Amino acid sequence: VNTRFAYRVYVGANFVRNYLTFYVNREGLFVAATEGNTRVVYGAELEYLPIGGLRLGASIYGYWDDGSMEYVDNKPIFEADLFAEYTLRRWRFQLTSDFIGTRRWTNMVDNTTYSDKTKVDLGVGVSFDVTSDINIYVEGENLLNSKIYDFAYYYRSGIGFRAGIKIDF
């Protein structure tokens with residue numbers, strides 16, 4: 001069946017005995033720890049094709065923990081994104097906007113929880129299909145120059161660009 005609209009919704013549960021997590025022992029030093037964890041994950045994705053060559057989409061996914069963990073995981077509680085992609089013959093143009101929820105880490109130095117606020121990561125991309133197996137691309141990310149932490153005390157280094165050739169075998 002051909003349709004212009006697609007969606008996916010999912011919910012799952014993880015029951016982990018030795019879940020690997022990290023805590024901050026002192027500024028810039030991470031220590032690994034394992035503990036039990038029960039986590040419910042959820043997500044929803046939408047995709048819409050309004051006209052030929054244009055693809056619009058959105059998604060959200062996240063998790064809920066049972067609160068029994070001694071250490072706070074560094075994953076954001078939710079992530080969401082919006083995207084637009086336009087394909088014209090062998091060219092593809094993309095605009096993405098990622099919403100990264102609050103990240104938290106356990107800091108054992110002063111027994112506090114380090115927290116980073118929700119951030120937005122804006123990106124663009126252009127690619128060209130040389131053949132069906134070779135693609136040349138240029139991408140820009142974090143174009144709003146947000147201070148996005150992937151780990152406590154370590155954030156992305158500002159606006160970034162990437163270019164390359166992708167070859168499928």
Side-chain angles (χ1 to χ4, degrees), residues 6-8 10 20-32 41-65 71-110 112-169:
Y7 66 92
R8 290 170 286 286
Y10 52 89
L20 179 63
T21 188
F22 296 90
Y23 63 88
V24 178
N25 196 16
R26 62 177 186 263
E27 187 169 324
L29 178 66
F30 294 91
V31 178
V41 294
Y42 62 87
E45 302 172 13
L46 301 169
E47 190 172 292
Y48 179 57
L49 308 170
I51 59 172
L54 180 62
R55 189 168 67 107
L56 305 173
S59 69
I60 184 168
Y61 41 92
Y63 69 89
W64 173 82
D65 280 331
Y71 305 107
V72 178
D73 196 353
N74 69 344
K75 287 183 65 68
I77 296 197
F78 80 92
E79 293 185 56
D81 64 67
L82 300 171
F83 73 87
E85 179 180 279
Y86 184 70
T87 303
L88 180 63
R89 295 185 184 100
R90 296 193 292 176
W91 289 92
R92 183 172 298 121
F93 305 91
Q94 300 170 320
L95 175 65
T96 61
S97 180
D98 300 325
F99 302 92
I100 304 162
T102 302
R103 290 182 185 267
R104 301 176 326 163
W105 299 267
T106 301
N107 186 335
M108 297 302 282
V109 176
D110 53 7
T112 60
T113 300
Y114 177 83
S115 182
D116 184 37
K117 296 181 176 147
T118 300
K119 299 290 173 81
V120 176
D121 183 0
L122 183 66
V124 295
V126 177
S127 64
F128 178 74
D129 293 329
V130 178
T131 68
S132 62
D133 296 328
I134 299 173
N135 177 277
I136 299 171
Y137 65 91
V138 176
E139 298 173 343
E141 60 185 19
N142 197 14
L143 298 179
L144 299 175
N145 201 19
S146 300
K147 206 173 198 180
I148 300 171
Y149 286 86
D150 290 316
F151 300 100
Y153 306 110
Y154 295 96
Y155 55 89
R156 298 180 191 173
S157 59
I159 298 171
F161 293 95
R162 177 176 43 240
I165 300 174
K166 181 176 132 184
I167 301 172
D168 292 329
F169 293 96

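Keep in mind the model is a prediction, meaning the values are calculated, not measured.
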**Study point:** R8 CZ to S59 OG distance, which is reported to the nearest 0.5 Å
**Key:** 9.0 Å
Check your understanding: Roughly how far, to the nearest 0.5 Å, is the CZ atom of R90 from the OG1 atom of T131?
Key -> 8.5 Å
Review point. What closest approach, in Å, do P76 and G101 show between heavy atoms, and which atom pair accounts for it?
Key: CB-O, 3.4 Å
Check your understanding: Is the number of heavy atoms from other residues, nucleotides or ligands under 6.0 Å of F83 CZ greater than 12?
Key -> yes
Review point. Where is the tightest heavy-atom contact between Y137 and S127, given as atom of each residue plus distance?
Key: CB-CB, 3.9 Å
Exercise for review: Enter the distance from N145:CG to L122:CG here, rounded to the nearest 0.5 Å.
Suggested key: 12.0 Å
Review point. Hey, is OH on Y42 packed in by over 12 heavy atoms from elsewhere, all under 6.0 Å?
Key: yes
Check your understanding: Just how far is it from atom CZ of R55 to atom CD of E47, taken to the nearest 0.5 Å?
Key -> 4.5 Å
Check your understanding: Between S146 (side chain) and V120 (backbone), is there a donor-acceptor pair under 3.5 Å?
Key -> yes
Exercise for review: Write down the atom of D121, the atom of E141, and the distance for their closest heavy-atom approach.
Suggested key: OD1-C, 3.8 Å
Check your understanding: Given side chains that start at C-beta, do those of V130 and I136 come closer than 4.5 Å, heavy atoms only?
Key -> yes
Review point. Do you know the tightest heavy-atom contact between R156 and N142?
Key: CB-ND2, 4.3 Å
Check your understanding: Taking side chain as C-beta onward, heavy atoms only, is F99 less than 4.5 Å from I60?
Key -> no
Check your understanding: Parallel, tilted or perpendicular: which fits the ring planes of F93 and Y86, with parallel below 30° and perpendicular above 60°?
Key -> parallel
Exercise for review: Could you pull out the closest heavy-atom pair between I134 and I167, with the gap in Å?
Suggested key: CG1-CG1, 4.4 Å
Practice item. Rounded to the nearest 0.5 Å, what's the gap from CZ on F128 to CZ on R89? Could you check? Key: 11.0 Å
Study note, to complete from the structure: The reported gap from OH in Y61 to CD in E45 (rounded to nearest 0.5 angstrom) is 8.5 Å
Study note, to complete from the structure: Closest non-hydrogen atoms of G140 and F161, given as atom of the first, atom of the second and distance, are CA-CD2, 3.7 Å
